[in-house]
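Quantities reported herein were computed from a predicted structural model and do not represent experimental measurements. Atoms considered below: every heavy atom in the structure, side chains included; atoms not considered: hydrogens, waters and symmetry mates. First the proteins, then the strands, lettered A, B, ... as listed; each starts at 1.
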There are 2 protein chains.
Amino acid sequence: MNVSKKRNITLKELAQELNLSISTVSRALNDHPDISIETKERVQKLAKQLHYAPNLFARGFRSHETYMLGVIVPNISHMFTSTILKGILEEAELRGYRVIISESKNSETKQIEMLRTMNQFGVDGILMSLARKTTRVDEVLNVLERVPIVLFDKVSSKVPCTQIVINEEEAAFNAVEHLIELGKQRIAIIKETENSYNSEKRYAGYLRALNHHGLPIRKKIIQSTEDISIANGRRLTNILLSLKKRPDAIFAITDNAAIGAIKALHKLNIKIPDEVAVVGFSNSVNSTIIQPALTTVDQPGDRIGRTAVKFLIDEIKNPKNEIVTKTVEIKTNLIVRDSSLGTN
Amino acid sequence: MNVSKKRNITLKELAQELNLSISTVSRALNDHPDISIETKERVQKLAKQLHYAPNLFARGFRSHETYMLGVIVPNISHMFTSTILKGILEEAELRGYRVIISESKNSETKQIEMLRTMNQFGVDGILMSLARKTTRVDEVLNVLERVPIVLFDKVSSKVPCTQIVINEEEAAFNAVEHLIELGKQRIAIIKETENSYNSEKRYAGYLRALNHHGLPIRKKIIQSTEDISIANGRRLTNILLSLKKRPDAIFAITDNAAIGAIKALHKLNIKIPDEVAVVGFSNSVNSTIIQPALTTVDQPGDRIGRTAVKFLIDEIKNPKNEIVTKTVEIKTNLIVRDSSLGTN
DNA sequence: CTGAAAGCGCTTACAG
DNA sequence: CTGAAAGCGCTTACAG
């Protein structure tokens with residue numbers, strides 16, 4: 001069967017069929033007040049019958065509005081990221097925007113490349129979570145001069161734009177305070193080596209909670225790693241457990257690190273939470289699958305995504321003449337489970 | 001600071017600056033053989049200096065090639081889906097294509113809507129995993145007449161196009177055979193009620209393995225559910241365990257259902273795998289976090305994604321005049337872990 | 001109420 | 001080797 005691709009029907013074809021001008025057909029379809037009701041009805045009827053669908057490419061090209069948003073994230077298959085993406089897709093769709101997604105793989109070079117192509121494709125705005133160790137912000141600024149950008153999750157104060165984050169510091173403070181209230185005294189932290197925005201803030205919350213409750217800061221139980229994975233959570237926990245004075249609680253700044261911690265504790269038959277309590281960060285699916293279930297900070301990914309889209313579209317619709325660094329904080333909740341308040 | 005958005009530089013501006021025609025500038029940048037080396041150098045130098053980036057929208061609009069691929073999946077934050085997406089993004093990028101992603105949320109109406117917008121946006125091709133209970137295939141066919149489509153994962157033989165799947169039947173056969181070889185005799189299955197392609201195939205593999213090894217098919221230990229979740233895996237396992245004659249193994253057609261099964265077994269203190277062995281399907285992250293670690297079928301998501309892109313781009317570049325239903329099977333591996341071959 | 005025409009930024013057959 | 005012109009499908013100020 002020969003199926004050389006059908007072309008989509010165009011305004012021109014509609015116009016010919018109806019003996020009208022292209023302009024009139026265009027206006028009729030857009031419900032322009034100038035056009036008579038009869039004409040509108042004729043046009044719309046035929047358009048429906050012929051399955052006319054406007055070429056958005058042409059329209060966007062004409063009007064400089066493409067109704068496309070670009071999204072750049074370090075890793076699309078990271079659980080938390082994918083819930084944010086879900087929120088972004090939903091909100092964008094609701095408002096009639098399509099979304100182009102790409103991955104920077106935590107490479108700054110790639111990130112800049114993506115930023116440029118997004119711009120070339122004429123997206124109306126860009127949502128971005130920064131690659132780790134983003135330093136050459138000037139390239140980002142360059143694109144920012146051409147198209148609105150909203151940062152989320154991995155943000156940087158060096159980029160003057162709207163930034164959507166969670167209340168990192170406060171969330172960490174609450175998590176650590178929860179442990180303190182349970183009577184824990186030597187609370188270790190597993191964090192990132194690099195000064196990522198998130199790690200820094202969570203660390204700050206940890207320090208503030210200790211200070212606030214008059215607990216000393218002990219260098220030895222502050223552990224860091226480049227790649228905050230299950231394996232490294234495990235490794236660092238083993239280091240913590242080999243200390244003369246073991247911690248009685250571990251606050252890991254990600255669920256994965258916390259799960260690694262639990263695995264390490266299991267291996268040594270250390271009771272959770274009685275001997276060592278564990279708290280994570282993210283409320284990933286894993287946190288309910290691990291035994292005991294993990295106490296963790298719920299990060300509402302879809303809310304972050306939706307909020308980011310809202311602010312971005314707002315900026316698209318109402319271009320500011322001012323560079324504004326606005327930080328929007330999304331609230332989180334501590335979800336207490338057996339790894340800190342266990343009954344077993 | 002006033003930052004009214006900068007416009008991108010255009011061919012016209014380059015041409016004016018250089019006292020050349022737009023055509024010449026265009027050709028120089030595209031390295032057209034007609035243009036003299038000196039001119040090319042002049043043009044390219046200025047282009048670089050002024051950070052010229054061609055408007056891909058205009059180019060695509062002109063040439064009817066947009067270098068955009070559309071992707072439609074039921075649920076973007078489903079783990080397996082997100083690894084496929086990763087593969088898609090990587091392969092697409094490698095070949096110079098951008099990717100627009102959207103979610104059908106398992107709604108057929110939404111799926112058709114997305115298909116239409118993708119087409120309107122002028123994507124060069126579409127990658128799609130079908131929504132559950134997709135019945136009105138005619139709308140898909142309608143779009144298929146206009147733009148190449150490649151299906152993956154959730155496919156349907158009713159759509160005559162390239163389909164990328166895993167060796168579902170064989171994988172299930174191997175999984176069940178593995179249980180039989182371990183000496184299991186009453187092997188239950190937890191599958192989907194609806195006749196989804198995947199569930200059907202896995203069920204067929206289950207039946208074939210039993211037949212092949214001379215085991216009877218027992219209706220009572222064949223359980224189905226609409227939504228194959230952790231909760232339902234748990235529920236159905238409880239039903240299985242309440243039978244006079246309990247199964248000695250459970251083959252769940254998804255990891256989530258298998259995890260639910262393990263949770264149910266735990267609750268009743270039933271030994272895994274000695275009393276009841278469990279096998280899942282997907283090799284999700286969860287499968288290594290649950291205790292005992294889950295024996296499961298590894299589905300190479302990124303391979304599926306990459307392969308789908310390859311076939312799609314191939315069709316874009318070499319439009320066929322024939323409707324071809326081609327099924328490409330990606331091989332999987334059974335990953336044996338403690339839930340079937342445990343040492344504890 | 002309707003139409004002719006310009007133009008969005010690019011490519012490319014045609015002419016010289 | 002270079003340029004003028006058409007055209008991709010649409011919208012919209014201008015004219016009538």
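The distance from atom CD1 of A:Ile37 to atom C1' of C:dC1 is 12 Å, rounded to the nearest whole Å. Rounded to whole Å, the distance from CG on B:Asn55 to C1' on C:dG7 is 14 Å. In this structure, A:Asn30 atom CG and D:dA13 atom C1' are separated by 15 Å, rounded to whole Å. Taking atom CG of A:Asp34 as the reference point, atom P of D:dA15 lies 15 Å away to the nearest angstrom. One atom, CG of A:Leu18, and another, P of C:dG3, lie 10 Å apart when rounded to the nearest Å. For the pair A:Asn8 CG and D:dG9 P, the computed distance is 10 Å after rounding to whole Å. Taking atom NZ of residue A:Lys40 and atom C1' of nucleotide C:dT2, one finds them 13 Å apart after rounding to whole Å. Between the P atom of D:dG7 and the NZ atom of A:Lys12 lies a distance of 8 Å, rounded to the nearest Å.
Note on A:Glu90 versus B:Lys105: salt bridge recorded, some NZ/NE/NH1/NH2 to OD/OE distance being below 4.0 Å. Taking a cutoff of 4.0 Å between a charged side-chain nitrogen and a carboxylate oxygen, B:Glu103 and B:Lys110 do not qualify as a salt bridge.
Close to C:dT2, at under 4.0 Å from its OP1 or OP2, lies no side-chain N or O of A:Ser21. Neither OP1 nor OP2 of C:dG9 sits under 4.0 Å from any side-chain N or O of B:Tyr52. The side chain of A:Thr39 contributes an N or O atom lying less than 4.0 Å from OP1 or OP2 of C:dT2.
Using the Watson-Crick or G-U wobble rule with both distances under 3.5 Å, C:dA4 pairs with nothing in any strand shown. The partner of D:dA13 is absent, by the rule that a Watson-Crick or G-U pair needs both atom distances under 3.5 Å.
If you check every strand for non-hydrogen atoms under 4.0 Å, A:Leu20 touches sugar and phosphate atoms only.
In the set C:dA5, C:dC1, C:dC10, the nucleotide with an atom closest to the side chain of A:Ser23 is C:dA5. Here the side chain of A:Ser26 is nearest to one of D:dT12, C:dT2, D:dT2, namely D:dT12.
Mapping A:Arg27 and A:Leu11 onto DNA chain D via the closest heavy atom, the residue that lands nearer the 5' end is A:Leu11.
Using modelled atom types, one side-chain atom of A:Ser129 and one backbone atom of A:Phe152 make a donor-acceptor pair closer than 3.5 Å.
No side-chain donor-acceptor contact under 3.5 Å links B:Asn142 and B:Asp138.
The only member of A:Ile76, A:Leu89, A:Ile101 that meets side-chain contact (heavy atoms from CB on, under 4.5 Å) when paired with A:Val71 is A:Ile101.
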